[in-house]
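Numbers restart at 1 for each chain; the letters A, B, ... are given by sequence-line order, proteins then strands.
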There are 2 protein chains.
Amino acid sequence: MTTAAPASEAARQHTLRERNLELVARAVFEAPGPLSRADVAAATGLARATVSTLVDRLVAGGLLRELPAVGGGRAGRPGVPLVPAPRTVVGVGLEANVDYLGLRVLDLTGDVVAERVLDGAFHDSDPALVLGRLGELARDVVDGLRAQGITVAGARLALPGLVDARAGRLEVAPNLGWSSLVPVPLLGLDLPVEIANEAKLAALAELAGPVPGSFLYVSGDVGIGAAIVVERALFLGERGWNGEIGHVVVDPAGPRCSCGAFGCLEQYAGKEAILRGAGLPPDAPLADLLSLLADGGRAPSAGASAEAERAGAAVRTAGRALGSALADFVNLVDVSTVVLGGAYTDLLPWLRPDVEAVLVERVLAAPLVRIDVRAAAAGPQAALTGGAREVLRGVLGDPAAWV
Amino acid sequence: MTTAAPASEAARQHTLRERNLELVARAVFEAPGPLSRADVAAATGLARATVSTLVDRLVAGGLLRELPAVGGGRAGRPGVPLVPAPRTVVGVGLEANVDYLGLRVLDLTGDVVAERVLDGAFHDSDPALVLGRLGELARDVVDGLRAQGITVAGARLALPGLVDARAGRLEVAPNLGWSSLVPVPLLGLDLPVEIANEAKLAALAELAGPVPGSFLYVSGDVGIGAAIVVERALFLGERGWNGEIGHVVVDPAGPRCSCGAFGCLEQYAGKEAILRGAGLPPDAPLADLLSLLADGGRAPSAGASAEAERAGAAVRTAGRALGSALADFVNLVDVSTVVLGGAYTDLLPWLRPDVEAVLVERVLAAPLVRIDVRAAAAGPQAALTGGAREVLRGVLGDPAAWV
């Protein structure tokens with residue numbers, strides 16, 4: 001024990017340096033604007049000289065970039081503004097969902113460096129074919145980025161189902177018809193790839209925006225997934241298999257769901273259920289539904305069509321069902337901000353009246369606290385953004401590995 | 001700043017001593033059997049001399065007790081076994097519920113020192129009358145304990161509704177018909193009393209038993225409340241208003257609930273709903289229902305009565321409804337042990353087949369993980385035990401205040 005002390009002291013010093021490197025990197029990345037070295041010292045509590053050495057390492061390693069010095073008017077040396085470096089290290093978000101495959105690459109500034117979204121119909125599909133195709137798409141993009149000298153740190157694959165992230169296994173994704181599957185090898189990528197639930201990654205993408213620290217996120221596509229965020233962290237239950245709001249009971253006498261049970265939320269408020277209810281093909285683009293709804297928004301006297309009325313009724317049915325499942329969610333979990341993503345973002349103006357009415361009817365705390373229902377802010381295919389951000393968060397958590 | 005350093009150094013030393021006192025107290029209280037001073041030193045990592053001083057303080061202050069020294073056969077001085085002290089400092093659990101008022105006093109050994117349970121019917125009752133009566137009951141008991149030289153550390157009042165513990169306000173308890181109420185002054189006790197949700201305290205009472213670290217607790221009485229425990233701590237959402245499983249939708253076409261909504265779980269699986277369904281008066285003792293059920297358990301050929309069959313059907317309806325709400329709970333939160341308390345503990349043999357069948361039908365992860373449905377182990381009126389334990393946990397968290 002005693003003879004090992006100097007070595008472990010060295011290890012401690014080393015660990016401390018890595019930890020300080022992380023502190024400095026995070027300070028710059030989390031700041032709303034450029035920081036000078038003095039600002040970083042103030043933000044981290046580290047000595048100015050320590051900060052300078054660490055910043056030099058991060059700049060040389062391509063994580064930070066120095067902008068031209070500013071100042072002159074003020075006392076002291078002009079500060080060199082530090083910002084995250086563009087197009088040096090990037091993270092890749094991947095997604096295989098029921099009606100699209102997607103890829104989005106973000107750099108450390110948060111800019112989208114590359115993006116591909118491929119529409120398709122992957123109900124009960126062959127995972128090897130689907131993931132092989134997504135892998136090809138990704139390989140093309142990754143090769144192109146590497147040819148430009150960009151470091152691709154890794155990827156997150158978003159999947160609409162129960163994921164065992166540690167084992168890298170998709171347990172079940174009812175709408176894809178996939179189960180008990182290790183998806184990453186099927187991508188065939190020479191990158192570290194981890195898998196995660198789609199709604200969880202989409203919820204994390206919201207954290208870049210103006211959302212409160214605690215919220216329920218509901219991602220409405222063909223399937224409906226959800227995530228619970230409390231104080232800016234995912235609440236995952238025992239295995240991360242929570243948030244399965246798509247299978248909450250709306251009406252026990254309702255239609256049979258892909259999961260085998262009856263009257264699940266997905267059968268009323270899943271994208272295909274709404275499109276069918278509106279008299280559209282289940283694979284119609286959402287834009288078709290939105291244009292019918294815009295039509296129906298006209299006063300009846302102005303001649304809303306029968307098609308528009310049917311679309312309006314389908315969305316109202318979905319809104320009441322979604323309100324009922326959200327009321328259960330809020331009654332059980334007590335989080336009062338609900339962020340609606342996926343297809344619900346664009347549908348929200350038409351869903352809102354029914355969702356809010358049912359929440360007021362059914363949430364026990366409704367007289368005490370307003371349930372704030374809002375549209376997701378992270379844009380379409382938010383799980384791609386969330387996945388890329390998670391990869392970059394890993395880089396910032398261990399910058400020494402990348403500089 | 002510099003001149004303040006000695007004072008703050010003294011404060012730091014003081015805080016450290018208090019913290020060590022807490023460590024020593026907890027070590028003895030959490031041990032499965034008596035510990036010697038040497039055992040405490042080993043368990044806490046504190047020096048033997050420090051431990052001895054702190055133990056002396058805790059013994060003198062009445063929190064610990066020394067048993068006669070044991071040993072002889074083994075090397076070294078004989079150890080003096082330390083155990084929590086009986087009948088020195090006690091915590092009081094209080095409860096006002098729809099069909100009873102209760103009080104239970106525990107000492108530091110976990111023994112019940114006093115208990116009162118008063119049956120009644122407190123639907124839409126006058127809180128001043130009900131809490132005044134509970135206060136009288138408690139005053140009698142507390143005065144008696146004090147006359148014996150016992151220190152009453154404080155009380156927790158369990159209430160079946162949404163509680164703002166910090167403000168000491170009961171926001172709403174639909175079955176009592178109480179709302180926007182500050183209950184503690186109505187008790188008229190010269191004790192520190194805090195309020196808490198009934199199901200949350202009952203869940204905490206389970207932690208004294210053989211329960212896993214994460215579980216959902218459902219307390220089924222007239223109302224049905226729940227708690228989420230993850231890694232031995234309550235998950236409280238934003239305000240502690242979670243676990244309102246009694247108002248989860250079972251069937252939107254169902255009967256109107258005390259909360260104003262339709263088809264809530266309470267209308268199928270609340271105690272009164274079950275008793276009514278069984279053809280008994282809603283205030284009948286649970287024993288009447290249990291004896292009908294025991295009757296119905298006989299083979300039809302052995303002549304189960306029509307009454308027994310009706311009771312069996314009511315419990316099966318309750319079981320299916322409870323299974324449906326529990327499936328929603330598990331799908332949304334992902335905790336795979338469900339502990340059933342209140343009236344459900346005794347009803348579990350009759351509820352189990354339907355609850356488990358519906359869980360298998362509706363929980364998305366059911367093929368991957370067994371949902372373990374079990375009876376609560378903390379006994380009747382568990383919130384009384386949980387409340388008393390919480391008071392004593394406060395004593396152990398700050399033993400310096402009590403020695």
Side-chain angles (χ1 to χ4, degrees), chain A residues 161-162 164 171-172 174 179-180 212-216 226 228 230-231 235-254 257 259-264 320-321 324-325 327-337 358 360-369, chain B residues 161-162 164 171-172 174 179-180 212-216 226 228 230-231 235-254 257 259-264 320-321 324-325 327-337 358 360-369:
Chain A
L162 303 185
D164 180 339
E171 301 289 0
V172 59
S179 65
S180 228
S214 299
F215 58 94
L216 304 176
I228 302 168
V230 175
E231 290 170 15
F235 171 81
L236 290 171
E238 280 185 289
R239 295 165 197 81
W241 295 346
N242 66 358
E244 288 297 338
I245 194 171
H247 304 285
V248 158
V249 184
V250 168
D251 185 341
C257 180
C259 75
F262 290 86
C264 295
R320 285 200 68 81
S324 168
D328 289 350
F329 206 3
V330 173
N331 276 326
L332 290 172
V333 174
D334 180 29
V335 170
S336 57
T337 300
V358 179
V360 167
E361 277 166 44
R362 299 212 67 100
V363 172
L364 200 62
L368 306 168
V369 57
Chain B
L162 303 184
D164 180 340
E171 301 289 2
V172 59
S179 64
S180 228
S214 298
F215 59 94
L216 303 176
I228 302 169
V230 176
E231 290 169 15
F235 171 81
L236 290 171
E238 280 185 289
R239 294 167 199 81
W241 295 345
N242 66 357
E244 287 297 339
I245 194 172
H247 304 286
V248 158
V249 184
V250 168
D251 185 341
C257 180
C259 75
F262 289 87
C264 294
R320 286 201 66 80
S324 167
D328 289 350
F329 207 3
V330 173
N331 277 325
L332 290 172
V333 173
D334 180 30
V335 170
S336 57
T337 300
V358 179
V360 167
E361 279 167 42
R362 301 212 63 101
V363 172
L364 199 60
L368 306 169
V369 58

With side chain to side chain contact (heavy atoms under 4.5 Å, CB included) as the test, would you mind laying out the steps for B/Val249 and A/Asp328 before giving the verdict?
CA-CA 7 Å; B/Val249 184; A/Asp328 289 350; 3.5 Å; yes
With a 4.5 angstrom heavy-atom cut-off, is it the side chain or the backbone of B/Cys257 that approaches chain A, or both, or neither?
neither
A/Leu216, part contacting chain B, at a heavy-atom distance under 4.5 Å:
neither
Is B/Asp334 close to A/Leu236 at the side-chain level, that is, under 4.5 Å between some pair of heavy atoms?
no
Find the one option among A/Ala327, A/Pro252, A/Gly240, A/Ala226 whose heavy-atom pairs under 4.5 Å with chain B are most numerous.
A/Pro252
What part of A/Ile245 lies closer than 4.5 angstrom to a heavy atom of chain B: side chain, backbone, both or neither?
both
Looking at B/Val335, B/Leu364, B/Leu162, which makes the most heavy-atom pairs under 4.5 Å with chain A?
B/Leu364
So which part of A/Pro367 gets closer than 4.5 Å to some heavy atom of chain B, the side chain, the backbone, both or neither?
neither
Side chains of B/Phe235 and A/Val333: does their closest heavy-atom pair fall under 4.5 Å?
yes
Mind ranking B/Ser336, B/Ala365, B/Cys259 by heavy-atom pairs under 4.5 Å with chain A and telling me who comes out on top?
B/Ser336
Heavy-atom cut-off 4.5 Å, strictly under: side chain, backbone, both or neither for A/Val230 against chain B?
side chain
Grab the two heavy atoms, one from A/Arg362 and one from B/His247, that are nearest each other, plus how far apart they are.
NH2-O, 3.7 Å
Rounded to the nearest 0.5 Å, what separates atom CD in B/Glu171 from atom CG in A/Leu368?
5.0 Å
Which one wins on heavy-atom pair count under 4.5 Å against chain B: A/Ala261, A/Gly254, A/Pro174?
A/Ala261
Part of B/Leu332 within contact of chain A (heavy atom distance under 4.5 Å)
both
Option in A/Glu244, A/Glu231, A/Glu238 with maximal non-hydrogen atom pairs under 4.5 Å from chain B
A/Glu238
What part of B/Val363 gets within 4.5 angstrom of chain A, counting heavy atoms only: side chain, backbone, both, or neither?
neither
Of all of B/Ser179, B/Gly213, B/Gly243, which one pairs up most often with chain A through heavy atoms under 4.5 Å apart?
B/Gly243
